[in-house]
Protein chains: 2
Amino acid sequence: MAPESSSGGRRSDAQRNRSRILEVAYRAFSDDPDVSLNSIAKLVGVGAGTLYRHFPTREALLLAVYQEEVEQLVGSVDRMLEHEEPLDAFRSWARKLAAYARIKHGIGEALTSPEAQEVIGATWTPVSRAIARLLAAAAERGEVREGVDPDDVILLLSALWRVPEGEAGLAQADRLLELIVDALRPRTGVQVRPPK
Amino acid sequence: MAPESSSGGRRSDAQRNRSRILEVAYRAFSDDPDVSLNSIAKLVGVGAGTLYRHFPTREALLLAVYQEEVEQLVGSVDRMLEHEEPLDAFRSWARKLAAYARIKHGIGEALTSPEAQEVIGATWTPVSRAIARLLAAAAERGEVREGVDPDDVILLLSALWRVPEGEAGLAQADRLLELIVDALRPRTGVQVRPPK
DNA sequence: ACCTGAACACCGTTCAAGT
DNA sequence: ACCTGAACACCGTTCAAGT
């Protein structure tokens with residue numbers, strides 16, 4: 001009858017549920033960003049209470065779902081800096097972030113809503129650090145000024161995924177990105193050639 | 001028994017309802033931006049269907065409520081241009097818009113959500129024109145470059161009202177506004193003194 | 001014509017009862 | 001310990017019935 005054998009005990013099925021919820025939620029959010037939590041629970045085959053036990057708010061679930069991918073995006077910074085000029089790397093990376101936020105509608109909100117900033121940090125902070133690294137690399141070449149707050153840049157970048165869908169929107173996003181890059185340039189206005 | 005006397009007929013009570021809904025909704029939204037439409041209908045003392053007849057979506061009601069005030073804000077542009085240097089007028093006006101959007105939470109969404117842009121225009125367009133006027137005045141002095149799309153500027157400005165509440169947020173908004181102004185400066189980088 | 005308000009199919013969230 | 005799922009108090013929206 002051995003009610004408890006090793007240290008873990010019953011913990012395993014809870015962990016199993018957690019990962020199944022994440023898996024199903026990922027697809028559900030992709031289909032429809034406004035999908036209800038109840039319906040996700042039903043899809044998983046789990047009681048609503050179980051979902052709420054693991055993820056107390058919609059935002060908590062949303063972030064857990066996308067955190068891994070955000071980390072991947074964040075992790076791509078170093079590689080990009082090796083293959084591109086810093087400012088181009090910044091542009092490419094910003095475009096990737098925007099494309100991601102445009103598709104995964106929820107994540108954009110999480111990156112700009114003041115409330116979310118306080119609660120999470122888990123998504124915000126890595127993104128902020130990634131931008132800091134890109135800006136630092138560009139600043140070293142004198143292509144952007146120093147001391148720009150990366151959090152300010154996130155907020156400016158959020159314009160990129162608020163653009164309307166379609167081709168006109170993409171063109172607008174390109175213009176916006178150039179405006180943002182201009183905003184970051186050194187104040188002198190004298191174009192500095194990077195040293196060979 | 002004269003079922004219809006003049007041309008208007010029964011139209012007047014519908015009009016009355018419309019304005020009462022707007023009046024009550026204004027206060028209700030001020031108290032709580034997420035207030036339900038049903039509860040507004042109840043506050044007005046009107047059937048839910050009546051509210052929906054006048055304003056088919058939440059956004060429609062929200063915009064109707066704030067349209068008058070937006071117009072007032074838009075109307076203040078000319079006066080500001082008379083009393084301030086164009087670029088300062090732009091700064092002041094942007095701050096006003098941001099403060100307004102920060103308080104009337106809904107309006108910020110209406111000014112940046114792509115869906116809203118298509119549906120409405122009634123709020124978007126005047127704001128866009130106001131910014132165009134400010135930019136044109138500044139461009140005449142050579143303080144900003146020409147050909148900047150005012151809609152791009154709205155999207156950039158939206159960063160101002162996504163800032164967290166409190167003092168830190170206001171400081172961030174100030175930094176952001178300066179970054180945006182920098183983004184609009186002439187590309188030459190040579191500071192042009194306005195002619196006396 | 002316009003309005004009412006009950007009714008419908010949901011929603012997020014909780015919590016007693018089970019194992 | 002953890003899970004279930006009925007239940008609660010809502011929500012937006014519709015539409016037959018009234019005037």
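So you know, we letter chains A, B, ... as the sequences are listed, proteins then strands, and number each from 1.
Checking side-chain atoms of A:Ser92 against main-chain N and O of A:Asp88 turns up a donor-acceptor pair under 3.5 Å.
Look at CZ on B:Arg16: it is 16 Å from P on C:dC2, rounded to the nearest Å. Note: CZ (B:Arg20) to P (C:dC2) measures 17 Å, nearest angstrom. Atom pair A:Gln15:CD and D:dC3:C1' shows a separation of 16 Å (rounding to whole Å applied).
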Report all interatomic pairs (protein N or O, nucleotide N or O of nucleotides 10-14 of chain D) with separations under 3.5 Å.
unit_1	atom_1	unit_2	atom_2	d
D:dC11	OP1	B:Ser36	OG	3.1
D:dG12	OP1	B:Leu37	N	3.4
D:dG12	OP2	B:Leu37	N	3.2
D:dG12	N7	B:Asn38	ND2	3.0
D:dT13	OP2	B:Tyr52	OH	3.1

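Distances were taken from every side-chain heavy atom of A:Arg53 (C-beta onward) to each of C:dC2, D:dC3, C:dT4; the shortest belongs to D:dC3.
In this structure, A:Asp182 does not pair ionically with B:Arg185, as no charged nitrogen and carboxylate oxygen lie closer than 4.0 Å. A salt bridge links A:Glu178 and A:Arg91; the closest N-O separation between the charged side-chain nitrogens and carboxylate oxygens is under 4.0 Å. Ion pairing of B:Glu85 with B:Arg141 is present here, as a side-chain N (NZ or NE/NH1/NH2) and a carboxylate O approach within less than 4.0 Å.
A:Ala48 approaches A:Ala41 most closely through the heavy-atom pair CA-CB, 4.0 Å.
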Self-check item: Strand DNA chain D as a dot-bracket string - pairs counted if Watson-Crick or G-U with both distances under 3.5 Å, | where the partner lies in another strand
Solution: ||.|||||...|||||.||
Under 3.5 Å donor-acceptor pairs involving side-chain atoms of residues 72-80 of chain A, not counting sequence neighbours:
unit_1	atom_1	unit_2	atom_2	d
A:Ser76	OG	A:Leu73	O	2.6
A:Asp78	OD1	A:Arg133	NH1	3.0
A:Asp78	OD2	A:Arg133	NH1	3.3

Practice problem: Before giving the answer on side chain to side chain contact (heavy atoms under 4.5 Å, CB included), spell out for A:Phe29 and A:Asp34 the whole-Å C-alpha distance, their side-chain angles and the decisive distance to 0.1 Å. | Solution: CA-CA 7 Å; A:Phe29 281 136; A:Asp34 294 330; over 6 Å; no
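Contact annotation: A:Asn17 reaches the phosphate of D:dC3 (side-chain N/O to OP1 or OP2, under 4.0 Å). Under 4.0 angstrom from either OP1 or OP2 of C:dC2 there lies no side-chain N or O belonging to B:His54.
Side-chain contact of B:Thr125 with B:Ser128: a donor-acceptor pair under 3.5 Å is absent, judged by distance alone.
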